[in-house]
Asks: 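Got a structure for you, questions after.
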Amino acid sequence: MEKKITGHTRLVGLFAEPIRHSVSPMIQNAAFEELGIDAVYLAFELGTDRLPQAIESIRNLEMLGANLSMPNKMAAVPLMDDLSEAAKLVGAINTIVNQNGHLTGHITDGTGFMRSLKDQGVEIINGKMTIIGAGGAATAIIVQAALDGVKEIAVYNRKDEFYERVKEKLAYVAANTQCSITLHDLGDEELLSEDVKNSQLLINATGVGMKPDVEATPIQDFSIIRPDLAVFDVIYTPRETRFLREAKARGAKTANGLGMLLYQGAAAFELWTGKEMPINKVKPIIENS
Ligand code: NAD
């Protein structure tokens, strides 16, 4: 059925810079169309300088809400009327829901990742996971995993200028959940091996291995991978990083970041519309993007 824009059509915006490459408008508009929801999703290329006005427009234009990506995810936090529990802990948002001018900020990256685990049949609740990286994607995953009931998370990051700040942040997340979270230097291979041995899941949440540097890997010793370990990467270009290739060669169950991308969008769609995203309709759009 061809989409008709009417006097009733509502708007959802995507505020980020750069943004023209994004697959989100294709996904969200296909889902609106499939379910006959009278709404459109449009990308607006803007950074933090115009973010306050853009967010005020959500109220003024009675938009359903918005998605945010870099560089706006943290800058939008103080502009919200309310924050979800996860957004408070992460300190960043990627989704805004407008209810009669009252704006609530959510972060759906973590729920997206947790749903992608479920999709692949990986059971981690009450278990232990090891995650490499402590940036935006990693923090969203760590917070949601902790809120969902993962008991123990070992975080490995390079010892850069952010290391001490990351330590404080993770202590704050641990203090506000039932999860034990530790931070270690990624250079400590012995400790990493020990943590992976006791984990059901290993995640790369850094950009290491992304195009164009596709031969780079976040770990060097792949003998720590075993067949009953699930190994996930947040990267989706390339579809199979060298990290995943090496893990698969050792018999591990592997998955790339496409599931996280798909389900963070699905969670946002569900927040705006109250309806489940038609996954079968949008999955091929993501896979072929
Ligand atoms: P970020 O800059 O916030 O964090 C990057 C992290 O990687 C930091 O912990 C940093 O210390 C670490 N890192 C960077 N270079 C490293 C190196 N050479 N060795 C070891 N560690 C290194 O970035 P981000 O927003 O968290 O994004 C990280 C990756 O996640 C990117 O590849 C991004 O495309 C991907 N991502 C995927 C999704 C998805 O839906 N699948 C969502 C968000 C981000």
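Note that the coordinates shown come from a computational prediction; the quantities given were computed from them, not determined experimentally. As the structure lists them, so they are numbered: ligands from 1, and atoms in each ligand from 1. Side chains are part of it too, since the values below use all heavy atoms of this structure and drop only hydrogens, waters and symmetry mates.
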Asks: Does the Lys NZ or Arg CZ of Lys169 fall within the cation-pi geometry relative to Tyr172 - under 6.0 Å from the ring centre and within 45° of the axis?
Replies: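 Judged by the rule, Lys169 and Tyr172 form no cation-pi pair.
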
Asks: For residues 71-93, which side-chain donor-acceptor pairs fall under 3.5 Å, sequence neighbours excluded?
Replies:
from, atom 1, to, atom 2, distance (Å)
Asn72, OD1, Thr48, N, 3.2
Asn72, ND2, Phe15, O, 3.1
Asn72, ND2, Leu46, O, 3.0
Lys73, NZ, Asp109, OD2, 2.9
Asp81, OD1, Arg59, NH2, 3.3
Asp81, OD2, Arg59, NH2, 3.1
Asp81, OD2, Leu103, N, 2.7
Asp82, OD2, His102, NE2, 2.9
Ser84, OG, Ala87, N, 3.1

Asks: May I have the list of side-chain donor-acceptor pairs in residues 273-282 shorter than 3.5 Å, sequence neighbours left out?
Replies:
from, atom 1, to, atom 2, distance (Å)
Thr273, OG1, Phe269, O, 2.8
Thr273, OG1, Lys275, N, 3.0
Thr273, OG1, Lys275, O, 3.4

Asks: Name the atoms and distances for all side-chain donor-acceptor pairs under 3.5 Å in residues 261-268, with sequence neighbours left out.
Replies:
from, atom 1, to, atom 2, distance (Å)
Tyr263, OH, Asp119, OD1, 3.1
Tyr263, OH, Asp119, OD2, 3.0
Gln264, OE1, Asn94, ND2, 3.4
Gln264, NE2, Leu261, O, 3.0

Asks: Are a donor atom and an acceptor atom from the side chains of His106 and Thr104 found within less than 3.5 Å of each other?
Replies: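 Short answer, no.
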
Asks: Tell me which residues fall inside the under-4.0 Å heavy-atom shell around ligand 1.
Replies: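 Residues within 4.0 Å of ligand 1: Gly133, Ala134, Gly135, Gly136, Ala137, Asn157, Arg158, Asp160, Leu186, Ala205, Thr206, Gly207, Val208, Met210, Val234, Ile235, Tyr236, Gly257, Met260, Leu261.
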
Asks: Around atom NE2 of His8, are there more than 12 heavy atoms from other residues, nucleotides or ligands closer than 6.0 Å?
Replies: no

